[in-house]
Amino acid sequence: MKHKEYNPAEIEPKWQEIWEKKGIFKASDDTGKPKYYALIEFPYPSGDGIHVGHPRSYTALDIIARKRRMEGYNVLYPIGWDAFGLPTENFAIKNKIHPRIVTAKNVARFKSQLKSLGFSFDWSREVNTTDPSYYKWTQWIFLKMFEKGLAYKAEMPINWCTSCKVGLANEEVVNGVCERCGGEVIRKVKSQWMLKITEYAEKLLNDLEIVDYIEKVKIQQKNWIGRSEGAEVSFEIDGTDKKLVVYTTRPDTLFGATYMVISPEHPLIDEMKDRIENWSDVVEYRMLAMKKSDFERTEINKEKTGVPLKGIMAVNPVNGKKIPVWTSDYVLMSYGTGAIMAVPGHDTRDWEFAKKFGLDIIEVVAGGDIEKEAFTDIETGVMVNSGFLNGLSVEEAKEKIIQWLEEKGLGRRKVNYKLRDWVFSRQRYWGEPIPLIHCEKCGWVPVPYDQLPVTLPEVENYMPTDTGESPLANITEWVETECPKCGGRGRRETDTMPQWAGSSWYFLRYIDPHNDNEFAAIDKLKYWLPVDWYNGGMEHTTLHLLYSRFWHKFLYDCGYVPTPEPYQKRTSHGMILGENNEKMSKSRGNVINPDDVVAEFGADAFRVYEMFQGAFDQPIPWSQQGLRGCRRFLDRVWKLQEILVPGEGYSEKLDNIMHKTIKKVSEDFEKMKFNTAVAALMSLLNEFYAAGAVTRGEFATFLVLLNPVAPHITEELWQICGYEGMLHEQKWPAWDETKVIDDEIEIAVQINGKVKDVVRLSREATKEEAKAAVEASETISKLLAGKTIVKEIYVPGRIYNIVVR
RNA sequence: GCGGACGUGGCGGAAUUGGCAGACGCGCCAGAUUUAGGAUCUGGUGGCGACCCCGUGCAGGUUCAAGUCCUGUCGUCCGCACCA
């Protein structure tokens with residue numbers, strides 16, 4: 001019988017249309033079924049169209065989503081657009097097109113590209129962060145935070161990108177340059193809206209215990225939050241009533257503090273102006289430090305610099321010793337109290353500084369050689385030269401000194417975090433307007449909830465201003481408004497929100513995307529939350545994940561969402577590199593366009609390829625040959641029609657491998673071992689051809705197993721071969737554990753650990769039976785001639801090893 | 001510097017609790033088919049002409065048995081980076 005050729009260009013659009021028409025991937029809010037919420041990071045619709053990296057994540061969770069549906073779940077697998085952001089705005093400026101139009105165009109392109117790949121997204125729940133009906137709720141959440149005191153305005157030295165002319169969060173500065181454009185970043189003081197994420201540091205850290213994130217992600221979150229335990233200690237400034245408070249994780253070394261260092265920005269410098277004898281030196285140093293970019297300032301291996309505050313001495317509270325106070329930019333104003341007690345004997349940085357400037361080094365923990373280097377070991381050291389702490393271990397000394405400090409009122413136990421508050425202002429046009437109005441009488445007043453959203457005004461020019469103000473600042477008729485509280489003159493905030501805002505809660509909006517009265521109805525949230533499985537890139541594990549957890553926890557505390565954590569499970573995919581093993585980029589000329597791949601090989605081959613090529617969490621280089629191989633596999637699947645024979649069950653010969661494959665594929669999908677799952681299906685296919693026939697029952701199971709990876713071809717074959725109903729409605733196959741186990745297996749026979757022969761044995765063969773089988777082997781008996789058997793080891797089902805001398 | 005991951009054929013990569021290293025795919029070789037190329041099909045494919053033997057970055061160790069465990073060492077990648 002002659003069959004039609006496999007033609008993905010024909011069958012793929014056909015099935016995409018059928019799925020869409022029937023609405024089969026629409027999640028219902030029918031709470032009778034168990035729910036499953038699968039989530040991928042919604043894309044930023046850039047002008048370049050989708051990248052081959054996008055489908056890696058989307059296919060993976062599409063596999064999970066499709067499998068779950070066949071397992072009887074009500075699945076939510078949504079998609080949307082994280083569409084605010086700089087690249088669109090920059091493109092708009094350059095080409096004089098409104099960013100809204102650019103966005104719409106990019107979204108349309110992305111949408112058609114994603115649709116061509118056959119993902120089972122519920123398109124009816126599509127969201128777009130730039131849609132006023134969406135950002136109305138982004139603003140609403142912001143106002144709730146403002147109400148609770150979590151949003152505040154502060155004069156902050158911020159990271160200023162000299163090229164984008166925009167303030168950046170610490171996280172957007174990579175190696176001292178702008179994450180987006182690579183431009184130089186300097187420090188600039190601006191009044192900025194801040195979000196108090198630090199208030200949630202403890203919860204964000206502790207609740208990592210109750211979620212199922214891959215370990216790597218948890219570790220990165222923990223490091224970013226950076227919790228440390230220690231103490232705050234007050235030092236008196238000699239001859240004044242002023243105190244200098246420091247934070248230290250090593251209060252045990254207090255006797256070894258020989259000088260103090262304060263950050264150049266520390267307010268004490270100005271307070272002590274009259275007493276500082278070398279004021280001009282200090283001012284000069286401070287100016288120099290402020291001019292430095294963060295990059296220069298934090299560059300490692302840099303010679304330490306600093307100047308003493310002459311005339312200022314601090315008093316060590318444990319022994320009354322007077323010690324000098326210096327200022328140096330290795331002490332950061334933004335961490336702890338902006339001041340440290342320097343213990344050069346036991347801190348590497350302090351040691352370097354002391355060596356350079358000839359300051360005293362005292363050993364207070366014995367065990368190292370402080371002439372050569374700081375001794376920082378806290379496990380083995382014993383306290384010396386430390387009065388009442390002498391002889392204690394570091395751990396004991398910490399406890400004792402903290403108690404002593406607290407009793408004397410000189411200090412207290414303190415926990416600190418590296419996590420900083422979130423700079424939430426951007427001086428840009430293409431973002432959510434911050435919905436606040438400044439009134440001279442009333443201060444900052446929120447725009448009333450019933451007036452949300454505060455929409456972006458139409459403007460002629462959305463170029464950033466040279467002063468660094470948002471382009472919105474130039475639109476007088478928009479800026480000038482009434483104070484909602486007193487009716488007097490008010491001015492709108494002209495800063496907009498960062499791109500992270502809209503993505504901090506989008507997974508909630510998917511649950512109830514068309515709700516005009518609330519961001520999502522609580523009963524729906526109760527049904528769908530938490531997200532069961534969230535997959536995304538490692539590049540978002542610190543920022544986006546932390547921010548969205550923070551927003552979610554805030555909403556939880558307010559009673560608006562039912563779970564303390566948004567995502568139950570988080571996994572990450574590896575990057576897809578260019579064929580030359582480098583990151584894909586236009587400048588490297590190694591970009592693969594998914595459209596070309598679909599046109600030449602089909603979406604199914606593309607999907608199979610991306611799942612098969614390597615381990616899901618590892619980076620993989622692109623390989624056109626590998627892709628060709630996956631297409632060949634599908635061609636061979638297609639041609640199975642030619643050897644299809646009647647029989648609803650499995651043939652005796654293949655029964656065992658059928659059950660094995662069902663088990664392997666089912667389990668591998670869950671573990672995201674897609675490459676070995678596909679390999680198992682390829683092996684099964686080879687078995688079909690080796691057998692020369694495949695029964696209808698075997699083929700049906702094969703198609704179901706392959707369906708989540710290659711949905712179009714399998715659905716088409718299901719139809720062509722006249723199976724009942726549609727493939728996606730079928731049940732996920734079950735395997736029979738007793739049939740997975742082989743009754744008779746091959747056991748390797750080793751001599752001194754080296755395989756010499758193989759014998760066929762029952763899985764449960766006794767040692768005697770095994771021995772008999774082994775002795776029957778000619779190869780073995782030949783090799784054993786003249787040797788003395790020392791020992792024989794038999795592990796049923798595994799190995800038979802003969803040790804000889 | 002700190003934290004994490006990794007190192008296996010010509011290539012991408014497989015290998016439950018330590019138990020036949022190299023599944024699956026690519027590439028390559030031979031054959032079939034074809035006017036030819038491509039495509040397809042069949043067989044082969046870690047090294048060595050063959051046996052022996054040697055083989056999971058390198059050097060040791062534990063074990064009847066090590067890619068897997070332990071010690072040391074080299075290299076690559078990722079994250080953080082003066083956080084007191």
Side-chain angles (χ1 to χ4, degrees), chain A residues 171 174-176 215-220 222-224 226-228 230 246-251 253 257 260-261 263 297-302 304 328-332 334-343 346-350 352-353 416-420 538-539 541-542 574-575 579 581 608-609 612-615 617-630 632-633 635-636 639 664 667 673 675-686 689 745-758 790-804:
Chain A
E171 304 88 80
V174 176
N175 289 330
E215 204 50 34
K216 202 161 54 158
V217 171
K218 280 193 188 183
I219 289 167
Q220 285 195 18
K222 278 180 195 161
N223 289 346
W224 195 265
R227 183 181 196 272
S228 73
V246 301
Y247 172 71
T248 177
T249 54
R250 294 293 305 275
T253 61
M260 306 193 74
V261 187
S263 163
R297 209 166 143 165
T298 59
E299 207 173 357
I300 200 88
N301 296 332
K302 181 193 69 171
K304 287 198 170 27
S328 170
D329 64 6
Y330 83 89
V331 174
L332 310 173
S334 49
Y335 183 76
T337 62
I340 61 156
M341 63 177 210
V343 184
H346 306 283
D347 181 283
T348 313
R349 297 152 302 181
D350 297 344
E352 283 169 20
F353 193 81
N416 250 332
Y417 298 92
K418 285 199 234 174
L419 185 69
R420 311 285 159 79
M538 277 310 285
E539 65 273 26
T541 49
T542 40
M575 253 203 288
E579 215 144 10
N581 238 308
V608 170
Y609 168 74
F612 175 68
Q613 191 62 8
D617 59 349
Q618 296 299 121
I620 41 164
W622 186 262
S623 160
Q624 202 71 9
Q625 288 298 344
L627 174 61
R628 193 158 279 134
C630 290
R632 201 169 295 155
F633 165 63
D635 283 328
R636 278 160 57 82
K639 286 187 197 144
K664 175 85 180 148
E667 292 180 348
K673 299 188 76 165
N675 53 338
T676 50
V678 172
L681 288 168
M682 288 173 168
S683 292
L684 181 58
L685 178 86
N686 290 341
Y689 278 108
I745 48 166
E746 283 192 339
I747 292 244
V749 184
Q750 300 180 328
I751 294 179
N752 287 348
K754 302 218 161 121
V755 180
K756 298 295 174 185
D757 200 11
V758 195
V790 179
K791 199 173 173 185
E792 284 174 80
I793 297 122
Y794 170 58
V795 183
R798 296 230 185 268
I799 206 87
Y800 195 101
N801 190 12
I802 304 165
V803 184
V804 299

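Below, chain A is the first sequence line, B the second, and so on; all start at residue 1.
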What's the CZ-C1' distance between A/Arg632 and B/C41, to the nearest Å? 12 Å
Report the base-pairing partner of B/C53 (Watson-Crick or G-U wobble, both distances below 3.5 angstrom), or none. B/G47
Run the side chain to side chain contact (heavy atoms under 4.5 Å, CB included) test against A/Asn801 and tell me which residues pass, sequence neighbours left out. A/Gln750, A/Ile793
For A/Glu579 and B/C26, what is the distance between atoms CD and P respectively, to the nearest whole Å? 15 Å
Write down the distance separating the C1' atoms in B/C77 and B/U42, rounded off to the nearest Å. 42 Å
Quick one: label A/Ile219 by what it contacts on the DNA or RNA (base, sugar-phosphate, nothing), any heavy atom closer than 4.0 Å. sugar-phosphate
Using a heavy-atom cut-off of 4.0 Å across all strands, would you classify A/Ala680 as base, sugar-phosphate, or nothing? nothing
Among B/C20, B/C53, B/G3, the one nearest A/Ala748 by side-chain distance: B/C20
Picking from B/C80, B/A14, B/C82, which would you name as closest to the side chain of A/Asp329? B/C82
Whole-Å distance, A/Ile620 CD1 to B/A5 P, equals 21 Å
Base orientation of B/G9, chi within 90° of 0 counted as syn, else anti, reads syn
A/Lys218 near the nucleic acid: base, sugar-phosphate alone, or nothing, with a heavy-atom cut-off under 4.0 Å? nothing
Span that lies between the C1' atom of B/C58 and that of B/U8, in whole angstrom: 15 Å
Return the pairing partner of B/G19 with a 3.5 Å limit on both distances, Watson-Crick or G-U wobble; otherwise return none. B/C64
Touch class at under 4.0 angstrom, heavy-atom based, for A/Gly336 against every strand present: nothing
Nearest to side-chain heavy atoms of A/Gln618, which nucleotide of B/A5, B/A84, B/G12: B/A5
Note, A/Arg250 side chain near A/Val343 side chain (heavy atom, < 4.5 Å): no
Partner nucleotide, any strand, of B/G3 [Watson-Crick/G-U, under 3.5 Å]: B/C78
Can you see if the side chain of A/Lys754 gets near the phosphate of B/C54 - specifically, an N or O under 4.0 Å from OP1 or OP2? yes
Base, sugar-phosphate alone, or nothing: which one does A/Glu746 contact when heavy atoms must sit under 4.0 Å apart? base
Taking the same atom, C1', in B/C6 and in B/A14, what whole-Å distance lies between them? 16 Å
When you measure from the side-chain N and O atoms of A/Gln625 to the phosphate of B/G27, is any distance below 4.0 Å, counting only OP1 and OP2? yes
Is the distance from OP1 or OP2 of B/A84 to the nearest side-chain N or O of A/Ser228 less than 4.0 Å? yes
Residue closer to the 5' end of RNA chain B, A/Asn581 versus A/Asn223 (nearest nucleotide): A/Asn223
Across all strands, who's sitting opposite B/G31 as a Watson-Crick or G-U wobble pair, both distances under 3.5 Å? B/C41
Describe the nucleic acid contact of A/Glu215 in one word from base, sugar-phosphate, nothing, applying a heavy-atom distance below 4.0 Å. nothing
When both distances are under 3.5 Å in a Watson-Crick or G-U wobble arrangement, the nucleotide paired with B/A59 is B/U71
Intermediate values then yes/no, side chain to side chain contact (heavy atoms under 4.5 Å, CB included), A/Leu332 and A/Tyr330: CA-CA 6 Å; A/Leu332 310 173; A/Tyr330 83 89; over 6 Å; no
Separation of the P atoms in B/A23 and B/G47, to the nearest angstrom: 13 Å
Pairwise P distance, B/C53 and B/A66 [rounded to whole Å]: 15 Å
Between B/G79, B/C82, B/A84, spot the one nearest the side chain of A/Gln220, thanks. B/G79
For A/Asp635, answer base if it contacts any base atom (sugar-phosphate contacts may also be present), sugar-phosphate if it contacts only those atoms, and nothing otherwise; contact means non-hydrogen atoms under 4.0 Å. nothing
Rounded to whole angstrom, note down the C1' distance from B/G57 over to B/G38. 41 Å
Give A/Ser623 one of three labels, base, sugar-phosphate or nothing, depending on what nucleic acid heavy atoms sit under 4.0 Å from its own. nothing
Just wondering, do A/Ile747 and A/Val758 contact through their side chains at under 4.5 Å, heavy atoms? no
B/C20, B/A23, B/C82: which one has an atom nearest the side-chain heavy atoms of A/Lys304? B/C82
Under 4.0 Å: is that the gap between some side-chain N or O of A/Lys791 and OP1 or OP2 of B/U63? no
Of the listed nucleotides (B/A84, B/C80, B/G19), which one gets closest to any side-chain atom of A/Asn801? B/G19
Across the strands shown, which category fits A/Val795 at heavy-atom distances under 4.0 angstrom: base, sugar-phosphate, nothing? base
Distance between the P atoms of B/A50 and B/U45, in whole angstroms? 12 Å
Quick one: are A/Tyr247 and A/Thr249 in side-chain contact, heavy atoms under 4.5 Å? yes
Scan A/Asn686 against the nucleic acid and name what it touches under 4.0 Å (heavy atoms): base, sugar-phosphate only, or nothing. sugar-phosphate
Could you state the OH-C1' distance from A/Tyr689 to B/U40, rounded to the nearest angstrom? 11 Å
Assign each of A/Arg636 and A/Gln613 the nucleotide of RNA chain B bearing its closest heavy atom; nearer the 5' end lies the nucleotide of A/Gln613
Go through B/C80, B/A14, B/C64 for me and flag the one nearest to the A/Trp224 side chain. B/C80
Taking only side-chain N and O atoms of A/Asn675, does any of them lie within less than 4.0 angstrom of OP1 or OP2 on B/A14? yes
Side-chain donor or acceptor of A/Lys216 under 3.5 Å from a matching atom on the base of B/C78? no
Euclidean distance for C1', B/A65 against B/C26 (whole angstrom): 33 Å
